[in-house]
Protein chains: 2
Amino acid sequence: MTQHLELVQSLRQAGHRLTPQRESVLAVIADSHEHLSAEEILARVRKRYPYLNKSAVYRSLELLTELGLVTLTDLGHGRVEYELHRHPHHHHLVCRKCKSVQQIDHRLFQNLQKKLESDFGFRADLDHFAIFGTCRKCSTRTAKNPKRHSH
Amino acid sequence: MTQHLELVQSLRQAGHRLTPQRESVLAVIADSHEHLSAEEILARVRKRYPYLNKSAVYRSLELLTELGLVTLTDLGHGRVEYELHRHPHHHHLVCRKCKSVQQIDHRLFQNLQKKLESDFGFRADLDHFAIFGTCRKCSTRTAKNPKRHSH
DNA sequence: ACACTATTTGCAACTGGTCGCAATTGCATC
DNA sequence: GATGCAATTGCGACCAGTTGCAAATAGTGT
Ligand SMILES: [Mn+2]
Ligand SMILES: [Mn+2]
Ligand SMILES: [Zn+2]
Ligand SMILES: [Zn+2]
């Protein structure tokens with residue numbers, strides 16, 4: 001597993017320990033190509049490593065996020081979702097009506113990011129944002145026909 | 001109270017009822033010039049109107065937000081914070097190190113907002129965003145001197 | 001291989017926020 | 001100003017996530 005080496009290095013470098021809990025949480029996230037909730041991560045880890053506690057999952061996720069290996073966001077599904085932090089990173093447009101989630105490129109945020117740095121000296125962490133609003137389908141549908149939304 | 005009329009109109013127009021709970025929640029928010037947590041709102045309302053339930057506060061806040069009278073955001077203080085939705089709206093830069101909160105103008109987001117609409121047909125709700133990162137002070141401090149942060 | 005200890009884990013209690021449901025009430029109509 | 005009823009509230013149970021603390025363990029040194 002290519003992620004394993006990166007994990008060990010990052011942990012060592014910051015003075016943390018490599019525990020089976022952390023290792024297995026990262027493995028589950030690295031193996032998935034969707035956003036995963038903490039509950040889902042816990043369930044998947046337990047298939048291979050049954051003695052894992054809820055707190056350990058949350059604490060591992062927090063650490064992996066600090067180390068930059070994992071990224072999280074609230075996509076409006078009632079719980080936070082986690083994903084491997086791949087480069088270049090991406091963001092999401094979430095429709096409040098049909099709940100669709102669309103991926104967008106980080107480049108759209110680069111102007112804003114530069115302006116915040118030049119105007120305020122503020123270095124914004126803009127990885128994995130969720131922007132809520134109304135998607136094209138739902139805008140046009142409600143404009144002409146006041147019917148119920150669908151996914 | 002100038003907000004009262006606006007509330008009554010908005011409620012009626014959308015087929016909602018004017019209850020003392022909703023009225024007093026809005027009054028507390030309108031009287032404050034800071035961000036308030038739900039807990040703080042509950043405490044302030046109870047000074048005048050002691051029989052108010054936690055659920056009623058959250059449900060009133062949800063409705064007032066839908067009606068566009070109130071806006072909320074998570075500024076990283078462990079609970080969501082509410083504020084009267086004044087125009088033009090504003091956003092915040094939150095420093096992860098010193099926890100400082102800085103206000104910025106909505107105009108910084110207008111290019112992004114237009115691009116999302118033109119490229120994806122997505123109408124983004126961009127009122128009252130919180131952007132996390134590192135402020136100027138904390139960037140320069142950690143660059144030259146690896147000391148503890150302050151507020 | 002063994003001892004040492006600071007870090008990490010498991011657990012249970014707690015917190016902020018949501019939800020289902022029965023009791024209450026705003027408001028429309030007479 | 002009384003009646004009727006859908007909208008709203010209060011309440012308690014619940015859910016996702018956090019925290020304090022005692023027990024366990026990764027990693028260092030011998
Ligand atoms: Mn994503
Ligand atoms: Mn604000
Ligand atoms: Zn949509
Ligand atoms: Zn700072």
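These numbers come from a predicted model, not from an experiment. In what follows, chains carry the letters A, B, and so on, assigned in the order in which the sequence lines appear, proteins first and then strands, with residues in each chain numbered from 1.
Between the NE2 atom of B:H77 and the C1' atom of C:dT15 there is a distance of 17 Å, given to the nearest Å. A:Y49 places its OH atom 6 Å from the P atom of C:dG10, with the value rounded to the nearest Å. Distance CZ (B:R79) to C1' (C:dG17): 11 Å, rounded to an integer number of Å. The distance from atom CG of B:L42 to atom P of D:dT9 is 14 Å, rounded to the nearest whole Å. Between the P atom of D:dA16 and the OH atom of A:Y82 lies a distance of 13 Å, rounded to the nearest Å. Atom CD of B:E23 and atom C1' of D:dT9 are 16 Å apart (whole Å). Remark: C1' of C:dC11 and CG of A:L52 are 13 Å apart, rounded to the nearest angstrom. In this structure, the CD atom of A:E39 is 13 Å from the C1' atom of D:dC14, given to the nearest Å.
Neither side chain, A:H35 nor A:H77, offers a donor N or O lying under 3.5 Å from an acceptor on the other.
Residues satisfying the side-chain hydrogen bond (donor to acceptor under 3.5 Å, both in side chains) test with B:E39, not counting sequence neighbours, are B:R79. Not counting sequence neighbours, the partners of B:S55 by the side-chain hydrogen bond (donor to acceptor under 3.5 Å, both in side chains) test are B:N53. Contacts of B:H89 classified as side-chain hydrogen bond (donor to acceptor under 3.5 Å, both in side chains), with partners at least two apart in sequence or in another chain: none. The salt bridge (charged side-chain N to carboxylate O under 4.0 Å, His left out) test applied to B:R44 returns B:E34, B:E40, not counting sequence neighbours. Checked against side-chain hydrogen bond (donor to acceptor under 3.5 Å, both in side chains), A:D119 has the following partners two or more places apart in sequence or in another chain: A:K115.
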(request) Would you give a per-nucleotide map of nucleotides 19-30 of chain C, 5' to 3', where B means the base has a protein non-hydrogen atom under 4.0 Å away, S means only the sugar-phosphate does, and - means neither? (result) BB----BBS---

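The stretch residues 7-29 of chain B participates, sequence neighbours left out, in these side-chain hydrogen bond (donor to acceptor under 3.5 Å, both in side chains) pairs: B:H4-B:E23. Applying the salt bridge (Lys or Arg N to Asp or Glu O under 4.0 Å) definition to pairs two or more places apart or across chains, those involving residues 85-96 of chain A are A:R96-B:D125. The salt bridge (Lys or Arg N to Asp or Glu O under 4.0 Å) pairs that include a residue from residues 46-70 of chain B number zero, where partners must be two or more places apart or lie in different chains.
One finds a side-chain N or O of B:Y58 lying less than 4.0 angstrom from the OP1 or OP2 phosphate oxygen of C:dG17.
Along DNA chain C, the nucleotide nearest A:R22 and the nucleotide nearest B:V80 are compared for position; the residue whose nucleotide lies closer to the 5' end is A:R22.
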Can I get a per-line list of side-chain donor-acceptor pairs under 3.5 Å for residues 68-75 of chain B, giving both atom names and the distance, sequence neighbours left out?
unit_1	atom_1	unit_2	atom_2	d
B:T73	OG1	B:H128	O	3.2
B:D74	OD1	B:G76	N	2.8

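At its two ends the helix from C:dA1-D:dT30 to C:dC30-D:dG1 runs along axes set 40° apart, each axis drawn from five pairs and the angle rounded to 10°.
Within residues 60-74 of chain B, no residue is approached by DNA chain C to less than 4.0 Å at the level of any non-hydrogen atom.
Between the side chain of B:K54 and the base of C:dG17 there is at least one donor-acceptor pair of N/O atoms closer than 3.5 Å.
Using a 4.5 Å heavy-atom cutoff, the side chains of B:V45 and B:V57 are not in contact.
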